[in-house]
Amino acid sequence: MSATARRILVLYTGGTIGMAPGPQGLAPMTDFAACLQAWRADLQDCGDLPAFEVRPLAPAIDSASLRPAHWPRLARTLTEAWDHFDGFVVLHGTDTLAWSAAALSCLLRGADKPVILTGSQIPWQAARSDAPAHLEAALRLAADARLAGVTLCFGRHLWPGARAVKWSSQSLDAFAAPNDLPLADLAATLRVHTPRLRRATPPRRFREAVAGDAAVAVITVHPGLPAQTVRAQLAVPGLRGAVLCSYGLGNLPEDPELLAALAEARDRGVMLVNRSQCPHGGVAPGTYASSHALQALGVLPAGDLTLEAAFAKLQVLLAEPTDDEATRRAAWFENWAGEWGTVSPPQGLAQA
Ligand code: ASP
């Protein structure tokens, strides 16, 4: 099938890309879908740009206000339309674009069609807007039969959805994958790096809702972090998991009270994950005595997962229909959607 014959669904969720100035600042445009179709009709030379249908999510959300409960809604909208389209473009605010890319990667793992997330730093109708170029690239990529699964298209690159982060609030190349390479370069020609494309396993479609808003905490270690702060964060009602952002290779301050707070949470069934604060690299549990203590507590290492991927995977994992802790721990190490990178999941820890 030629790219132009492919049908693409464009889901507009909100974000700068579809906003225009209003009395109180930027706000979603009411006629954004019509605006996109007019843009397509006005293009003199469309090349192999595919036809598309636009569905706005109502109400549109500023992605800074996105909550985990939005993710199953987005996933469900896509899977309900799955059989009627060849590819999908999700227009989304940049603030939590990488978080949603990670969550949709987990929820749609095994997806056999491309789901391209994009947004823009500058609104569609503003001077110098990066929005039309992003939509055009995303549409072409969504019609590319070589791609499957969730990816993030922004600036000059296409990134694996489960590996991307927003690294700049200003740059037009605002996203990066600190531990990975782009899947495509958007230069004068659009170059897809075919050998880097991954197929996720096991194949599966979205089924369950993710856990509630308070299900997963993010705790950042800092000099002098009081154990009672950690204890309070881990005592939030409904909490079922926590990502601990540790130092370097996965180290914590030497503080028995801090370890005791973590042990108490673990004993209540809270799933704990150890992720490095360093954007590049990852944790290497057991290298230092301080990370060995976490290992001994059964805290799961996050390898070189991004914070976004660790958080989203925990959310999705905790909503899986199983009460068996060993099954959940083993699933943490499965490579659902390319979230685990070159640092292979440590062997033998799943059963710890
Ligand atoms: N606050 C906006 C959002 O994330 C910013 C953006 O789209 O760049 O929805």
Side-chain angles (χ1 to χ4, degrees), residues 9-33 35-36 39 52 54-75 77-78 88-105 107 115-139 141-142 150-159 161-178 182 186 210 213 218 279 306-309 311-312 315:
L9 177 66
V10 175
L11 180 63
Y12 172 58
T13 67
T16 297
I17 191 165
M19 291 185 177
Q24 273 147 13
L26 288 173
M29 289 163 64
T30 43
D31 52 355
F32 188 47
C35 173
L36 296 185
W39 162 79
F52 61 89
V54 187
R55 284 194 199 158
L57 195 78
I61 40 171
D62 182 317
S63 86
S65 302
L66 181 114
R67 314 178 75 113
H70 286 108
W71 291 329
R73 199 172 145 212
L74 297 185
T77 307
L78 295 172
F88 302 85
V89 172
V90 179
L91 304 179
H92 192 290
T94 63
D95 287 340
T96 52
L97 183 56
W99 296 78
S100 289
L104 288 177
S105 298
L107 289 168
V115 178
I116 318 288
L117 272 69
T118 193
S120 70
Q121 293 280 57
I122 304 172
W124 182 271
Q125 290 180 321
R128 294 179 56 247
S129 176
D130 48 342
H134 288 177
L135 178 60
E136 188 177 335
L139 286 168
L141 290 161
V150 178
T151 53
L152 193 159
C153 170
F154 211 94
R156 288 177 290 132
H157 303 289
L158 179 73
W159 300 106
R163 306 276 288 163
V165 300
K166 183 174 179 181
W167 77 276
S168 173
S169 58
Q170 282 287 331
S171 168
L172 294 183
D173 230 348
F175 289 81
L186 318 176
V210 289
D213 281 349
V218 176
T306 61
L307 171 61
E308 292 81 343
F311 179 86
Q315 282 276 353

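First listed ligand is number 1; within each ligand, the first listed atom is number 1.
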Please verify the inter-ring angle class for Phe311 with Trp99; under 30° counts as parallel, over 60° as perpendicular, anything in between as tilted.
perpendicular
What's the shortest distance from atom 4 (O) of ligand 1 to any protein heavy atom, and which residue and atom give it?
Ser63 OG, 2.5 Å
Closest protein heavy atom to atom 5 (C) of ligand 1, given as residue, atom name and distance to 0.1 Å
Thr16 OG1, 3.3 Å
Could you pull out the closest heavy-atom pair between Gly14 and Ala60, with the gap in Å?
CA-CB, 4.0 Å
Taking Ala20's backbone N and O only, do any of them form a donor-acceptor pair with Gln125's side chain (distance below 3.5 Å, no angle check)?
no
Distance-only N or O hit between ligand 1 and Asp62, under 3.5 Å:
yes
With respect to Asp95, determine whether any N or O atom, backbone or side chain, lies less than 3.5 Å from an N or O atom of ligand 1.
yes
shortest atom 8 (O) of ligand 1-to-protein heavy-atom contact is with Thr94 OG1, 2.4 Å
Quick one: which ligand 1 atoms are inside 4.0 Å of a heavy atom on Ser120?
8 (O)
What residues, two or more places apart in sequence or in another chain, satisfy ring-ring contact (aromatic ring centres under 6.0 Å, His included) together with His70?
none
Angle between ring planes, Phe154 versus His134, binned at 30° and 60°: parallel, tilted or perpendicular?
tilted
